[in-house]
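On a predicted model such as this, the values are computed, not experimentally measured, just so you know.
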Amino acid sequence: MCRSQNAQYRMITTRLVSAVLFLFLVAPAQAQSPACSCTFKEAPWEAYGTKAACTTITRKGGTSCEIEFGGLSADPRIASALGIDAADPSKVYEVLETFLRLLRRNDRAALSQPRFLSEALPIFMRGAYLRPPHGELNAGQVRSLDKAVKIFADKYSDQVSKVFLGSTSEFSTTIDDASFTVGAGYIVVRHPFAVLVTRYLPQE
């Protein structure tokens, strides 16, 4: 990576750190209940991520859960090895920076624009399952999950936008082996490889 690119990433990273601190410190009214959460096989174990822009991935029958923020953990080498055309790191930073800038203004209408959703949702979700695996990776299942995520984001972004903005009720749909449930600011994906919970917008 050239020096100018390094400087650009440092500048973007500095902005992201400031924005992430904001995300943790948003008004208490937005923190009445957990946002990104892991549900384990046995109580009383639980884990929570940030109030928005995060995805949890639960595997191994509910005994393993990882929390991802903003798609930053997606590894281009893993995507390439799996034949997945994922966004490059500069695009991930760009989308996350835009997301956090709009979130700082609480511009939910802009955050829920279908075109932006179709771009941001796969990035946020891919950060959870296109990362260095802890244990054996089922390549076929990951490709299947990614295909479903991309189809969902392209096909249902208009409907997701309406749910996120409160103009219609939550809905569920199935794409191949993946089932999707969309609620107020969140999406749950259930697939043989893993369960994903993405908290896109903070709760109001």
Side-chain angles (χ1 to χ4, degrees), residues 1 5 8-9 11-13 15-20 22-23 35-36 49-58 65-104 107-133 137 141-161 163-164 175 178 180-183 185-189 191 193-202:
M1 183 181 293
Q5 286 178 312
Q8 180 183 19
Y9 283 137
M11 179 183 67
I12 293 173
T13 301
R15 291 177 183 171
L16 288 178
V17 168
S18 298
V20 170
F22 163 78
L23 190 56
C36 247
T50 55
K51 297 179 177 68
C54 61
T55 296
T56 64
I57 179 167
T58 304
C65 182
E66 299 171 48
I67 301 175
E68 158 65 18
F69 176 73
L72 296 177
S73 295
D75 189 330
R77 293 168 298 182
I78 293 177
S80 177
L82 294 172
I84 293 173
D85 185 21
D88 61 43
S90 62
K91 185 62 177 178
V92 173
Y93 277 112
E94 179 187 327
V95 168
L96 182 55
E97 187 179 22
T98 300
F99 177 94
L100 293 169
R101 175 169 44 81
L102 295 173
L103 181 65
R104 184 180 291 274
D107 191 344
R108 290 175 174 257
L111 286 166
S112 300
Q113 283 288 335
R115 184 173 179 179
F116 187 66
L117 284 172
S118 67
E119 191 170 47
L121 289 174
I123 286 176
F124 289 177
M125 292 182 186
R126 282 169 168 166
Y129 59 83
L130 293 183
R131 63 196 301 177
L137 179 67
Q141 286 190 343
V142 176
R143 282 193 290 265
S144 169
L145 172 59
D146 187 75
K147 177 185 174 184
V149 164
K150 192 67 175 68
I151 291 172
F152 173 82
D154 290 341
K155 184 176 181 179
Y156 291 97
S157 59
D158 284 333
Q159 197 169 346
V160 172
S161 174
V163 175
F164 283 0
I175 299 172
F180 295 79
T181 299
V182 181
Y186 71 87
I187 299 173
V188 179
V189 187
H191 184 271
F193 177 68
V195 176
L196 304 180
V197 179
T198 296
R199 169 54 71 173
Y200 183 79
L201 291 175

Below 4.5 Å, heavy atoms only, C-beta onward: do [X] and [Y] meet side chain to side chain?
{"X": "T181", "Y": "V189", "result": "no"}
{"X": "I57", "Y": "E66", "result": "yes"}
{"X": "D146", "Y": "R126", "result": "yes"}
{"X": "Y186", "Y": "T198", "result": "no"}
{"X": "V92", "Y": "L72", "result": "yes"}
{"X": "I151", "Y": "Y156", "result": "no"}
{"X": "V182", "Y": "F164", "result": "yes"}
{"X": "L121", "Y": "I187", "result": "yes"}

For the [atom1] atom of [X] and the [atom2] atom of [Y], what is their distance to the nearest 0.5 Å?
{"X": "I84", "Y": "I78", "atom1": "CD1", "atom2": "CD1", "answer": "9.5 Å"}
{"X": "T56", "Y": "F69", "atom1": "OG1", "atom2": "CZ", "answer": "14.5 Å"}
{"X": "E97", "Y": "R101", "atom1": "CD", "atom2": "CZ", "answer": "7.0 Å"}
{"X": "M125", "Y": "L130", "atom1": "CE", "atom2": "CG", "answer": "12.5 Å"}
{"X": "D88", "Y": "E94", "atom1": "CG", "atom2": "CD", "answer": "9.0 Å"}
{"X": "L196", "Y": "L145", "atom1": "CG", "atom2": "CG", "answer": "5.5 Å"}

Closest heavy-atom pair and its distance - [X], [Y]:
{"X": "I67", "Y": "R131", "value": "O-NH1, 3.9 Å"}
{"X": "C65", "Y": "T58", "value": "SG-OG1, 3.6 Å"}
{"X": "V95", "Y": "F116", "value": "O-CZ, 3.7 Å"}
{"X": "A52", "Y": "F99", "value": "CB-CZ, 4.2 Å"}
{"X": "V163", "Y": "G183", "value": "CG1-O, 3.4 Å"}
{"X": "P202", "Y": "R108", "value": "O-NH2, 2.7 Å"}

Do T55 and E68 get their side chains close enough for a donor-acceptor pair, meaning under 3.5 Å?
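No, no side-chain donor-acceptor pair sits under 3.5 Å.
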
According to the side chain to side chain donor-acceptor pair (under 3.5 Å) rule, which pairs have a member within residues 112-122, sequence neighbours left out?
K91-E119

Under a 3.5 Å distance rule, please check whether [X] uses its side chain to pair with a backbone N or O of [Y] as donor and acceptor.
{"X": "R199", "Y": "L201", "value": "yes"}
{"X": "Y200", "Y": "L111", "value": "yes"}
{"X": "S80", "Y": "P76", "value": "no"}

Sequence-distant partners of D158, salt bridge (Lys or Arg N to Asp or Glu O under 4.0 Å), two or more places apart:
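Residues passing salt bridge (Lys or Arg N to Asp or Glu O under 4.0 Å) with D158: none at all.
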
